[in-house]
Trainee: 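Just dropping this structure here.
These numbers come from a predicted model, not from an experiment.
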Amino acid sequence: MRPLRALLLGIAAYGVFLLATAPAGLIPARLATATGGQVTLANATGSAWDGTARATIATYGAAIVLGEVSWRFLPSRLLAGRAAFAIEARSGALQAQAEVSRSPMAWQVRDLRANGDASTVAAIFPLAATWQPGGAIAIEAEHLTWDGERATGVANAQWRDASLALSEARPLGSWRAQAQAEGASTRITLSTTKGPLLLSGSGTLVIPGRLAFSGVARAEPGRERELEGLLNLLGPRRADGAHAIEVR
């Protein structure tokens with residue numbers, strides 16, 4: 001082997017070694033810069049390619065604190081021109097996993113799956129603590145992309161056998177929401193699959209976070225008195241007996 005070639009191979013091998021053993025502590029600053037400060041990590045351990053940390057996501061004026069987040073580099077995705085990591089997150093009874101990658105053009109999230117107990121939402125999102133939510137929640141999305149200005153993809157969320165501290169009705173119902181990203185805005189639809197509290201509506205979420213939503217809430221026949229207090233909180237009563245939900 002020629003000396004120059006041996007030297008180059010040695011340098012390349014040493015570079016790979018440095019990358020593989022880079023401490024996880026290098027990740028927080030780079031992630032904060034890449035996300036404009038919206039995602040921050042603390043207590044990082046392991047390496048830059050296989051590690052764990054606590055994550056905080058700043059969104060819509062609030063901080064969502066996750067429990068343990070772990071990541072594992074997926075080298076095979078480099079063949080498709082993507083630097084990808086398998087991500088797993090856990091906070092109480094809520095678990096999530098997805099493949100997150102970066103290509104030259106955009107961020108991508110594939111095979112997103114999250115499920116757990118709605119009570120965990122109060123720990124992650126403190127504004128929900130007053131409502132003391134209960135029931136099972138599930139979120140899934142096959143493929144989402146974001147290029148810094150425009151998003152594409154569809155995400156579905158379900159809240160089954162829901163309960164809230166503000167109502168004695170148990171369960172209140174099961175609801176389904178779909179978010180379909182269409183460039184700079186996301187179309188949102190809400191529907192009821194079962195239960196005494198009937199919710200429906202649609203709206204748009206304009207990136208980075210301007211929500212406009214119109215919907216209605218009503219009780220199943222015979223359950224109006226039981227749900228009256230909660231319905232009044234959701235919105236004013238209309239002439240047809242339903243309560244209007246408006247977010248602007």
Side-chain angles (χ1 to χ4, degrees), residues 57-65 91-94 96 112 114-141 151 153-248:
I57 302 174
T59 178
Y60 311 133
I64 301 175
V65 181
S91 182
L94 184 64
L112 170 65
N115 58 78
D117 194 285
S119 61
T120 305
V121 173
I124 298 175
F125 194 63
L127 292 177
T130 303
W131 296 73
Q132 296 179 27
I137 57 176
I139 302 171
E140 62 178 24
V154 178
N156 293 291
Q158 294 187 66
W159 187 359
R160 298 186 296 270
D161 298 326
S163 64
L164 294 171
L166 300 175
S167 175
E168 295 182 357
R170 296 289 192 279
L172 283 168
S174 296
W175 308 301
R176 180 177 184 272
Q178 183 181 83
Q180 181 166 352
E182 301 171 336
S185 67
T186 299
R187 182 161 52 88
I188 298 171
T189 58
L190 174 66
S191 60
T192 300
T193 56
K194 66 175 183 178
L197 180 60
L198 307 176
L199 303 176
S200 62
S202 62
T204 57
L205 175 65
V206 179
I207 298 171
R210 198 165 62 250
L211 175 64
F213 181 86
S214 295
V216 296
R218 66 175 76 235
E220 278 186 334
R223 307 291 294 272
E224 293 86 356
R225 185 177 296 276
E226 183 182 8
L227 297 173
E228 182 179 5
L230 180 57
L231 287 169
N232 287 334
L233 286 174
L234 291 175
R237 182 168 181 158
R238 305 188 316 191
D240 63 359
H243 290 251
I245 303 175
E246 294 289 338
V247 179
R248 291 289 184 269

Trainee: Going by atom types only, do Asn156 and Arg176 share a side-chain donor-acceptor pair under 3.5 Å?
Mentor: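 Result is yes, a qualifying pair exists.
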Trainee: Side chains of Leu190 and Gln178: does their closest heavy-atom pair fall under 4.5 Å?
Mentor: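 Answer no - side chains too far apart.
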Trainee: For the backbone of Ser163 and the side chain of Trp131, can you confirm whether one donor and one acceptor N or O come within less than 3.5 Å of each other?
Mentor: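 Side chain of Trp131 to backbone of Ser163, a donor-acceptor pair under 3.5 Å: no, none is there.
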Trainee: Would you mind reporting whether Thr192 and Ser174 have side-chain heavy atoms less than 4.5 Å apart?
Mentor: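 No. Closest side-chain heavy atoms not under 4.5 Å.
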Trainee: Could you tell me if the side chain of Leu234 sits less than 4.5 Å from the side chain of Glu246, heavy atoms only?
Mentor: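 They are not in side-chain contact.
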Trainee: Measure the shortest side-chain to side-chain distance between Leu164 and Leu172 over non-hydrogen atoms and say whether it is less than 4.5 angstrom.
Mentor: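 Sidechains of Leu172 and Leu164: in contact.
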Trainee: Using only atom types and a distance under 3.5 Å, with no angle test, would you say the side chain of Ser167 pairs donor to acceptor with the backbone of Ala169?
Mentor: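 Yes; at least one donor-acceptor contact below 3.5 Å.
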Trainee: Would you mind reporting whether Leu166 and Leu233 have side-chain heavy atoms less than 4.5 Å apart?
Mentor: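 The answer is yes; the side chains approach within 4.5 Å.
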Trainee: Which distance, rounded to the nearest 0.5 Å, do you find between the OG1 of Thr189 and the CD of Gln180?
Mentor: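 Spacing of OG1 (Thr189) from CD (Gln180) equals 8.5 Å.
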Trainee: Could you tell me whether the side chain of His243 and the main chain of Gly235 form a donor-acceptor pair under 3.5 Å?
Mentor: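 Present.
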Trainee: State, to 0.1 Å, how close Ile137 and Ala118 come at their nearest heavy-atom pair, and which atoms those are.
Mentor: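 Smallest heavy-atom distance, with atoms named: CG2-CB, 3.9 Å.
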Trainee: Could you tell me the separation between the CD1 atom of Ile139 and the CH2 atom of Trp159, rounded to the nearest 0.5 Å?
Mentor: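 Rounded to the nearest 0.5 Å, the CD1-CH2 separation comes to 12.0 Å.
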Trainee: Flag the pair Arg223 and Glu226 as a salt bridge only when some basic side-chain nitrogen lies within less than 4.0 angstrom of an acidic carboxylate oxygen.
Mentor: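 Salt bridge flag = yes for Glu226 with Arg223.
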Trainee: So, for Ala141 and Val154, which heavy atoms are closest and what is the spacing to 0.1 Å?
Mentor: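 In this case the closest contact between Ala141 and Val154 is CB-O, 3.5 Å.
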Trainee: Looking at Trp175 and Leu197, would you say the former's side chain and the latter's main chain have a donor-acceptor pair under 3.5 Å?
Mentor: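 A pair under 3.5 Å: yes.
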Trainee: In Å and rounded to the nearest 0.5 Å, what is the CZ to CD distance from Arg218 to Glu224?
Mentor: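 Nearest 0.5 Å value for the CZ-CD distance: 10.0 Å.
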Trainee: If you define the side chain from C-beta out and look only at heavy atoms, does anything of Ile188 sit under 4.5 Å from Leu211?
Mentor: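 Ile188 reaches Leu211 side chain to side chain.
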Trainee: More than 12 non-hydrogen atoms from neighbouring residues, nucleotides or ligands closer than 6.0 Å to CZ on Arg248, yes or no?
Mentor: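 Yes.
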Trainee: Is it the case that atom CZ in Arg238 sees more than 12 heavy atoms from other parts of the structure closer than 6.0 Å?
Mentor: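 Correct, the count exceeds 12.
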Trainee: Taking the basic N atoms (NZ, or NE/NH1/NH2) and the acidic carboxylate oxygens, is any pair closer than 4.0 Å for Glu168 and Arg170?
Mentor: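 No, no charged N to carboxylate O under 4.0 Å.
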Trainee: Would you please test Asp161 and Lys194 for side-chain contact (heavy atoms from CB on, under 4.5 Å) and show each step?
Mentor: CA-CA 9 Å; Asp161 298 326; Lys194 66 175 183 178; 3.6 Å; yes
